[in-house]
There are 2 protein chains.
Amino acid sequence: MSINSRFAVAVHILALLALEGRPLSSKYIAGSVNTNPVVIRRILSLLSKAGFVDTQLGVEGGSTLARPAETITLLEVYNVSEQGQLFALHSNQPNPLCPCGRNIKPTLLTVFQKAEAALEGILAEATIADVVQDIEAQVQSQL
Amino acid sequence: MSINSRFAVAVHILALLALEGRPLSSKYIAGSVNTNPVVIRRILSLLSKAGFVDTQLGVEGGSTLARPAETITLLEVYNVSEQGQLFALHSNQPNPLCPCGRNIKPTLLTVFQKAEAALEGILAEATIADVVQDIEAQVQSQL
DNA sequence: TAAAATGTAACTATTATTGTTACATATTTG
DNA sequence: CAAATATGTAACAATAATAGTTACATTTTA
């Protein structure tokens, strides 16, 4: 029914890394997100494979941004944290003997792809740096 | 991970009703969609409550469109067949003592709402009549 | 060498979806 | 009126995805 919270958590992680600017452990990040460190490590693993973060083992280790926050769009993060199609088509193949059943899938696919492209267009316009800036503005107003 | 197939099936049902223009039973529709009649009746129940179809009990009964196909947008169908937010935020409340945890939800919400609105804008532009027209064009090319 | 950290496997609990059977109820036709 | 046909919905099973958790091998640094 909904895009899972991995995307929201992935953005949270990247924004936190950008804000603090030093290696953060999965335990520390989990404290901010309020979840288990393994949940964070699972997502960090995706982000690392995608080249968004570098990780360092050992004492004083942790993850840092591998690219400037200005260059990481939310669309890239979305694509890393979600897989598969946003809209599901029929779970079973419709009846090929019915004109509607035989032809509806390509028709739906066209609309679904347009809708998803529109959604992705918005996500492509925002970067992690924008998110950080937004958070910092809120923090300022809270002083 | 994905919008469930209810939406696709709901559009299929409405397009089929528009194409045939006579009362169709859930059993008949299920034959086109290739699923169980109860699955169809569950979705018809949603469509009926939303005022898109009328249903008739008894022999020669079934469902018919309650509104012209030109007036039913895919967005309306989407809103009936889906509930809840498209994007999930964190499942647990992030740490309010962390500047990022305290402020990230409103920031994300703004972007998510913009993205969802863009998606809905595309769905609002297409009607069941457009879907039917598309299917009929394909049928023509198959003769 | 000890401490700290990652990466991942394995398991549980929860939830949503889909398909299925069953049945009470309503409606139409002969 | 009776039989046939439909709906609407409850109940249940199977499947899948998500999130949380424990555990542990491995790596790195101090």
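Nothing here was measured: the structure is a model prediction, and the numbers come from that model. Below, read A as the first sequence line, B as the second, and so on, with proteins coming before strands; counting in each chain starts at 1.
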Atom-to-atom span, [atom1] of [X] to [atom2] of [N] - whole angstrom:
| X | N | atom1 | atom2 | result |
| --- | --- | --- | --- | --- |
| A:Q85 | D:dA17 | CD | P | 15 Å |
| A:L46 | C:dT6 | CG | P | 15 Å |
| A:R6 | D:dA17 | CZ | C1' | 9 Å |

Can a side chain N or O of [X] be found less than 4.0 Å away from OP1 or OP2 on [N]?
| X | N | value |
| --- | --- | --- |
| A:N92 | C:dT18 | no |
| B:T35 | C:dG19 | yes |
| B:Q56 | C:dT28 | yes |
| A:T55 | C:dT6 | no |
| A:S91 | C:dG19 | yes |

Can you establish whether the number of heavy atoms outside B:E116 located under 6.0 Å from its atom CD is more than 12?
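Yes.
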Counting only heavy atoms not in B:K114, do more than 12 sit closer than 6.0 Å to its NZ atom?
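Counting other residues, nucleotides and ligands, NZ of B:K114 stays at 12 neighbours or fewer.
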[X] side-chain proximity, nearest of [options]:
| X | options | value |
| --- | --- | --- |
| B:S5 | D:dA19, C:dT18, D:dT9 | C:dT18 |
| B:K49 | D:dT9, C:dG19, C:dT17 | D:dT9 |
| B:R41 | C:dA22, C:dT8, D:dG20 | C:dA22 |
| B:V38 | D:dA19, D:dG20, C:dT21 | C:dT21 |
| A:N36 | D:dT21, D:dA6, C:dT18 | D:dT21 |
| B:V59 | D:dA4, D:dA19, C:dT8 | D:dA4 |

A:T107 vs B:Q138 side-chain heavy atoms within contact, under 4.5 Å
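A side-chain contact exists here, since the closest heavy-atom pair is under 4.5 Å.
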Side-chain heavy atoms of A:P23 within contact of A:E60, under 4.5 Å
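No, every pair of side-chain atoms sits at 4.5 Å or beyond.
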Starting at the 5' end of DNA chain C, which residue's closest nucleotide do you reach first, A:G61 or A:R42?
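Residue closer to the 5' terminus by nearest nucleotide: A:G61.
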Pick the closest DNA chain D nucleotide for A:L57 and for A:P37 by heavy atoms, then say which residue is nearer the 5' end.
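Nearest nucleotide further toward 5': that of A:P37.
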Any side-chain to backbone donor/acceptor pair from A:S32 onto A:Y28? Under 3.5 Å, distance only.
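No; judged by distance alone, with no hydrogens or angles, the pair does not exist.
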